[in-house]
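Just below is one structure, and these are the notes that go with it.
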Amino acid sequence: MQLLAYLGRRLLFVAPQLVGILLVSFFLLKLIPGDPAVMMLGPFATDDGLARLRAELGLDRSLLEQFLIYLGNVLQGDLGTSWQTTLPVTTDLAQRFPATLELVTLALLLALAIGVPLGVAGARYKKGLLRTTADYYGLFAGALPDFWFGLVLIFLFYTTWALVPAPLGRLDFVILPPPEITGSLLIDSTLAGNWQALRNAAGHLVLPVLTLGLINAGPILKMTQSTMERMLESDFSRYAEMCGLPERVVARKALRNALPSVVTIVSVLYGFLIGGAVLVEIVFSWGGAGQYAVGGVLNADLNPVMGFVLYSAILSLVIYLIVDLIYFAIDPRTR
Amino acid sequence: MAEAPAKGDGAPPGSSATAGGSGGIAFFLALLRARPAYALGYVIVATVVVLAVLAPWVAPYNPVQASPVDFLKPPGWPHVMGTDATGMDIFSRVIYAPRIDLAIALAGTLISAVVGSALGAAAGYYEAQRGIGTFAAGFVMRAADVLQAFPVFVFAIAVVAVLGQSLQSVVIAVAFVNTPIYLRLMRGQVLSIRRMRYVEAAYIAGVSDFGIIRRHVIPNAMAPVLAQLSVNIGWAILLTAALSFIGAGVEAPTPEWGSMIAMGFQSIITGHWWPSIFPGLALAVTVFGFALIGSSVEVLADPARRRALAGELEARRRARLATA
């Protein structure tokens, strides 16, 4: 009950923030030079045709009017059309968001699998190879440009050793994609029993997931290590030690208490990567949501960018709500 | 009397550490000896800067001169790092590049630090006061919320797209993206400093708001900002290179790491790795250098860690003396 009231309060604050985000992005993007009408009709369009198209698109009205119309459409679930793909933005995003989500989710799982154990080890041992690795991993991973690291992996695993399929999209062209259910190729092809597609999709995922996972393990490691250190030095750990509990048990209890901050950093990374994975998406021709938005910005195609910003804002909202629920489950103090 | 209290009885831990015995260049050098990795950071950055400054004399070739006969030569002699698809010498371009990358990153980060800190200091200071101040402070913070709700990279590209593709636009994009970080950092600092005795004393003594912020609040809040600054320059270099990589930053023939990596993108599939690998390596090593410097500054700026380190250094010195 308490939780529901809390969630209700949260949602109340969210609505004006969403409108603010839409307002700012709308006016910012309207400032970008370039006339969609000219871009759509090409260099040989007549003035008459341009004027007609502008009227059709509502470009001849005042900015405020345009924004209000846009807002009204958004409330009805209409995000407009992208002139590049000539499809409704909702259709485009429904295709591209799952691609990004699958990539980012798997990458973060990998990052967790690397960052948490290494961070715990770094906090438990004061000396030794593990400690040194933990101390410098974050700094080093944070210095790697992800788009370049992806290229290095392509060179090694595709060009040199030919271990993975060509870095072009999520599936080879010759492979029939499974019917879309969840949007995740791994899950969909498993559900359809299409093992060939499953193997191929997994092969395509390996390098981009490695790229993002290895780099983003850094912040997770750092957070785990510093929180773990604090927990191991706190009174409850010292008490457990004095009572003669084995070190493993003490560490496990400490980790349990360090979990909330790990959850926090993962949620922050998740929100960041939805848009931040764009460079890796470009390198691997992933066809994800970030790539779609960047294409929109570079071609004066307003609606896709607005749609992307809106989707990612809502998504990070959902993530924060889920995180709150997880806190509720793992941290008794919130109950 | 109103001018005195900053280093007086109510002085916060931040200024007492610099005033104490552990300050100065000797301590800094001892720190570098005790933690060679930090020294490595300074060496990396110094090398990159010196090479960039001396580039016209060090570089064996003109960085923008294409030589179609020598395209895609593998690393060797006379092209130490090989040549790219248009026959430009990669080594020359790699050492010219920080002239652009570092300049943009430094300018962008400094602008954001100055603007963000000033706004953050004002927001933090006025937030607790009644009237128009609270309202303005709230407005600034909500604006920062909205700015940060944007995906960083898409926002940066949009800024460049609005302003037109040029060096200045990239600088402004970098500044825009980083300003909220300093805004929040400074606001948090100021909110806690504001409650210190020496600030109350200055207020009672009749020092103006501006005087208090300038003489008492900002100097005491600077340490974490400086630590953030050195970490941030590294990120800014990455962002600059990333913008150029997708073609929204510095344009092609200009030597710049990100655009060089982009130019080598196609060749890497055919096995010509050097046009992309070398500039990326230079970029990663430089950012790593800044990250190391950043963590050394973090230690120096945090009074508790600084004291712990000073104790450790002292213990080591004693141990050395004892064995000698």
Side-chain angles (χ1 to χ4, degrees), chain A residues 16-18 20-25 28-34 132 135-136 138-149 151-152 154-156 158-160 166-168 271-279 282-283 289-291 293-294 296-300 305 308-309 312-313 316-317, chain B residues 37 41 44 142-143 145-165 231 234-235 237-239 241-243 245-248 257-258 260-262 264-265 267-273 276-277 279-281 283-292 294-295:
Chain A
Q17 205 176 354
L18 278 183
I21 291 170
L22 279 183
L23 187 79
V24 173
S25 43
L28 178 73
L29 295 170
K30 273 288 173 192
L31 288 175
I32 295 179
T132 320
D135 280 347
Y136 290 104
L139 288 180
F140 196 69
L144 287 178
D146 52 6
F147 55 96
W148 174 76
F149 189 51
L151 280 180
V152 173
I154 290 178
F155 175 70
L156 291 179
Y158 172 69
T159 314
T160 312
L168 295 166
F272 165 75
L273 278 181
I274 296 300
V278 52
L279 290 166
I282 290 174
V283 168
Q291 215 178 334
V294 168
V297 174
L298 294 177
N299 292 296
V305 193
F308 170 75
V309 169
S312 33
S316 28
L317 208 76
Chain B
I44 289 172
R142 291 295 82 73
D145 279 348
V146 170
L147 260 187
Q148 283 195 307
F150 276 99
V152 175
F153 197 66
V154 176
F155 185 73
I157 299 171
V159 171
V160 175
V162 168
L163 299 173
Q165 197 167 359
V231 179
W235 293 349
I237 299 174
L238 282 181
L239 181 62
L243 282 174
F245 177 74
I246 65 151
W257 289 325
M260 288 176 74
I261 298 173
F265 191 178
S267 324
I268 215 164
I269 304 279
T270 53
H272 305 98
W273 51 272
S276 276
I277 300 293
L281 213 55
L283 174 60
V285 169
T286 308
V287 178
F288 184 57
F290 276 105
L292 286 173
S295 38

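These numbers were taken from a predicted model, which means no experiment stands behind them. The analysis underlying the following values was restricted to heavy atoms, covering all of them including side chains, and did not include hydrogens, waters or symmetry mates.
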List the atom of B/A242, the atom of A/L279, and the distance in Å for their closest heavy-atom pair.
-> CB-CD1, 3.4 Å
Most heavy-atom pairs under 4.5 angstrom with chain A, which of B/V231, B/I277, B/V160?
-> B/I277
Engaged part of A/F308 at the chain B interface, taking heavy atoms whose separation is under 4.5 Å | side chain
Go through B/W235, B/F153, B/F245 and name the one with the most non-hydrogen pairs under 4.5 angstrom from chain A.
-> B/F245
Rounded to the nearest 0.5 Å, how far apart are OG of B/S276 and CZ of A/F147?
-> 9.5 Å
Contact summary for A/A143 and B/L238, nearest pair of heavy atoms | O-CD2, 3.9 Å
Where do A/L151 and B/W273 land on the side chain to side chain contact (heavy atoms under 4.5 Å, CB included) test, with the steps shown first?
-> CA-CA 9 Å; A/L151 280 180; B/W273 51 272; over 6 Å; no
B/I246 to A/V294 - nearest heavy-atom pair and separation = CD1-CG1, 3.8 Å
Close side-chain approach of A/P167 and B/I269, heavy atoms under 4.5 Å | yes
Is there side-chain contact between A/V305 and B/V154, with heavy atoms separated by less than 4.5 Å?
-> yes
Nearest heavy-atom approach of B/A284 to A/W148 is CB-CZ3, 4.5 Å
What is the minimum heavy-atom distance between A/V297 and B/A161, and which atoms define it?
-> CG1-CB, 3.8 Å
Classify the ring geometry between A/F140 and B/F288 as parallel (under 30°), tilted (30 to 60°) or perpendicular (over 60°).
-> perpendicular
Between CZ on residue B/F265 and CD1 on residue A/I282, distance to nearest 0.5 Å = 8.5 Å
In terms of heavy-atom pairs under 4.5 Å with chain B, which of A/T160, A/I154, A/V283 leads?
-> A/V283
Pick whichever of B/V287, B/L163, B/V162, B/I261 has the most heavy-atom pairs under 4.5 Å with chain A.
-> B/V162
By a 4.5 Å heavy-atom criterion (distance strictly below it), what part of A/L139 contacts chain B: side chain, backbone, both, or neither?
-> both
Is it the side chain or the backbone of B/T286 that comes within 4.5 Å of chain A heavy atoms, both, or neither?
-> neither
